[in-house]
Each structure stands twice: as C-alpha cells, then as structure tokens.
Amino acid sequence: MAKLVPLDHPALHAIAEEITAEDFTDGTVAKILKGMRQAIKTYDVDGYAAVAIAAPQIGVSKRIFLIEDQSDDEGRLPTVVAINPSFSKVSKKTHEVAEGCLSIPDTYGIVKRSKNVTLKATDEDGNEYVRGAGGLLAQIMQHEYDHLDGILFTDRAEKVWHKDHPPKEIEELT
C-alpha cells in the first residue's frame with residue numbers, strides 16, 4: 001500500500017517528470033492513481049479528511065495530482081485527475097488563504113493564491129480537458145501543481161505556524 005513519504009524525501013523537492021504515452025499503456029498511470037487513492041484515504045487528523053494529493057507525496061516523481069474529497073459533507077469538491085497539468089489562465093486577483101498539507105502534518109500557513117485558474121490537463125483515460133476553477137478548488141489546484149514543481153506551501157507562505165502554537169489572530173477566530 002502506498003504511503004505518504006517523509007518531508008525529506010527527494011520527490012517532494014524535485015521537478016516531477018511528464019507522464020508519457022507509455023505510462024498510460026503499461027499501467028503506470030493506473031498504478032500511481034491507485035497508490036494515491038490508498039494514501040489519501042488513510043489521512044484522518046483531528047477529524048479532518050484529505051481532499052487532494054500529488055504523486056510526489058507518495059514518492060513518485062511524476063506530473064499527476066488527484067482531487068478526491070474524502071469528507072462526508074454534502075458540498076464535497078468534484079473529483080479531478082490532472083495528468084501533465086498546466087495553467088492556461090491565472091487571475092491577477094489574488095487572496096491570502098490558509099493552507100495545510102498532508103506532507104507537513106500539524107503545520108499551517110497563509111499563502112497568496114490566484115482567485116481563479118483555468119487548468120489544462122489529461123484525465124486518467126488519456127483525454128485532454130480544460131477546466132476553470134475558483135475559490136477553494138482553484139487554491140487546491142495551485143497547491144497540488146506546486147508539488148509537481150517541488151514547491152511546498154511553506155516555501156510560499158507569508159506566515160507559518162504549528163497547530164499547537166497558532167498566531168494570536170488565528171487563535172481569536174477559534
């Protein structure tokens with residue numbers, strides 16, 4: 001069963017390789033996705049379920065990420081498989097958002113992200129698609145895309161804290 005790799009794993013800090021046509025035909029893509037789905041299902045911290053994962057997080061340096069909301073909420077995010085993704089548009093309008101990451105447990109931060117994006121990618125069946133996203137979905141796409149370039153949210157964060165020591169302004173919200 002695939003597991004999340006430790007923070008010092010080289011795949012988390014490298015630019016991932018493109019998925020090739022052969023990766024589709026020889027079962028590599030299916031195997032990677034199976035491993036990602038296994039790993040994302042195992043995450044449950046303080047009652048929070050995972051929503052997304054990138055291949056480097058399971059030690060596979062390939063350009064693929066998966067959004068698959070594991071929560072039981074009615075307003076679940078749509079499932080998105082993004083292979084060799086790129087952004088054809090990113091809005092100039094940005095906002096500061098709170099983020100966490102499966103690869104950096106108990107750590108959170110404030111990251112500036114574009115409010116809207118247009119993603120061009122290939123799905124697990126090899127079909128190219130273009131999808132727009134805003135708000136939380138756009139944020140998640142940008143976070144997961146960063147993983148494919150070896151960038152962690154803490155590399156972009158303007159402020160980072162451990163869950164046991166939130167900054168005063170965050171503490172006041174809870």
Side-chain angles (χ1 to χ4, degrees), residues 1-43 49-70 76-92 94 97 99-105 107 109 111-157:
M1 181 161 109
K3 293 184 180 177
L4 294 169
V5 296
L7 189 55
D8 62 354
H9 193 284
L12 288 174
H13 306 281
I15 296 174
E17 297 174 14
E18 293 275 320
I19 295 283
T20 64
E22 186 179 339
D23 290 333
F24 280 98
T25 58
D26 71 5
T28 299
V29 168
K31 183 178 177 186
I32 293 169
L33 279 169
K34 181 179 179 185
M36 291 166 66
R37 285 186 168 112
Q38 286 173 339
I40 199 173
K41 282 178 173 50
T42 65
Y43 183 84
V51 296
I53 190 168
Q57 292 179 274
I58 61 167
V60 179
S61 191
K62 290 285 193 173
R63 297 191 77 76
I64 181 171
F65 71 75
L66 168 69
I67 300 172
E68 197 166 81
D69 194 338
Q70 302 299 304
R76 289 172 52 169
L77 294 164
T79 295
V80 176
V81 173
I83 298 169
N84 297 334
S86 63
F87 291 114
S88 55
K89 289 183 190 173
V90 291
S91 66
K92 290 181 182 167
T94 61
V97 290
E99 291 192 6
C101 182
L102 304 176
S103 297
I104 313 171
T107 301
V111 181
K112 188 181 287 188
R113 299 282 187 195
S114 292
K115 286 187 172 187
N116 297 290
V117 298
T118 302
L119 181 78
K120 181 181 175 190
T122 302
D123 67 17
E124 61 193 301
D125 297 319
N127 302 311
E128 288 189 11
Y129 67 91
V130 176
R131 180 192 175 109
L136 180 60
L137 188 57
Q139 174 188 352
I140 292 167
M141 286 178 173
Q142 292 168 83
H143 176 108
E144 298 308 324
Y145 184 88
D146 277 351
H147 275 298
L148 306 182
D149 285 337
I151 299 167
L152 299 172
F153 86 94
T154 51
D155 298 330
R156 292 197 186 277

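Note that the structure is a prediction, hence the values are computed from the model and not measured.
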- Message: Quick one, R131 with L137, criterion side chain to side chain contact (heavy atoms under 4.5 Å, CB included). Give me CA distance, side-chain angles, the key distance, then yes/no.
- Response: CA-CA 11 Å; R131 180 192 175 109; L137 188 57; 3.6 Å; yes
- Query: Hey, mind stepping through V97 and E99 against side chain to side chain contact (heavy atoms under 4.5 Å, CB included) and telling me if it holds?
  - Reply: CA-CA 6 Å; V97 290; E99 291 192 6; 4.0 Å; yes
- Item | Full working for side chain to side chain contact (heavy atoms under 4.5 Å, CB included) between L102 and I53 | CA-CA 8 Å; L102 304 176; I53 190 168; 4.2 Å; yes
- Give the C-alpha distance, both sets of side-chain angles, the deciding distance and a yes or no for ring pair (Phe, Tyr, Trp, His ring centres under 6.0 Å) between Y145 and F65. CA-CA 7 Å; Y145 184 88; F65 71 75; 7.4 Å; no
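Residues I104 and T154 meet the side-chain proximity criterion, which asks for heavy atoms closer than 4.5 Å. Between I67 and T79, the closest side-chain pair of non-hydrogen atoms is not below 4.5 Å. Side-chain contact between Y129 and V81: absent, with no pair of heavy atoms (C-beta onward) separated by less than 4.5 Å. Residues T42 and Q38 form no side-chain contact, since every pair of their non-hydrogen atoms from C-beta on lies 4.5 Å or further apart. I40 is not listed as a side-chain neighbour of M36, based on a closest heavy-atom distance of 4.5 Å or more. Proximity of R156 to D146: side-chain heavy atoms (C-beta onward) are separated by under 4.5 Å at one or more points. Taking 4.5 Å as the limit, some side-chain heavy atom of M141 sits within range of a side-chain heavy atom of F87.
Taking every heavy atom of both residues into account, A11 and P56 meet most closely at O-CB, 3.3 Å. In plain terms, the two heavy atoms of I58 and A2 that are nearest each other are CD1-CB, 4.2 Å. Closest non-hydrogen pair, A157 versus G109, comes out as CB-CA, 4.4 Å. Considering all non-hydrogen atoms of both residues, I83 and D123 come closest at CD1-O, 3.4 Å. The two residues H147 and C101 have their closest heavy-atom pair at NE2-SG, 3.4 Å. Nearest heavy atom pair, residue V51 against residue D69, reads CG1-OD1, 3.5 Å.
R63 places a side-chain N or O within 3.5 Å of a backbone atom of L148 that can act as its donor or acceptor partner. T122 places no side-chain N or O within 3.5 Å of a backbone atom of E128 that could act as its donor or acceptor partner. At least one donor-acceptor pair closer than 3.5 Å links the side chain of D155 to the backbone N or O of L152. No donor-acceptor distance shorter than 3.5 angstrom exists from the side chain of D125 to the backbone of N127, with no hydrogens or angles considered. With hydrogens and angles disregarded, no donor-acceptor distance shorter than 3.5 Å links the side chain of S114 to the backbone of V90. In this structure a side-chain-to-backbone donor-acceptor pair under 3.5 Å is present from Q142 to A138.
The pair E68-R37 meets the salt-bridge criterion, with a side-chain N (NZ, NE, NH1 or NH2) lying under 4.0 Å from an Asp/Glu carboxylate O. Ion pairing of D23 with K31 is absent here, as no side-chain N (NZ or NE/NH1/NH2) approaches a carboxylate O to less than 4.0 Å.
Between S61 atom OG and H13 atom NE2 the span is 11.5 Å, to the nearest 0.5 Å. To the nearest 0.5 Å, atom CG of residue L33 and atom NZ of residue K62 are 13.0 Å apart.
Remark: R113 is not positioned above the aromatic ring of F153, lacking an NZ or CZ atom under 6.0 angstrom from the ring centre and at most 45 degrees off the axis.
Within 6.0 Å of atom CG in L136, more than 12 heavy atoms from other residues, nucleotides or ligands are found, so the atom counts as buried in its surroundings.
Side chain to side chain, S103 and Q57 meet the donor-acceptor criterion of an N or O pair below 3.5 Å.
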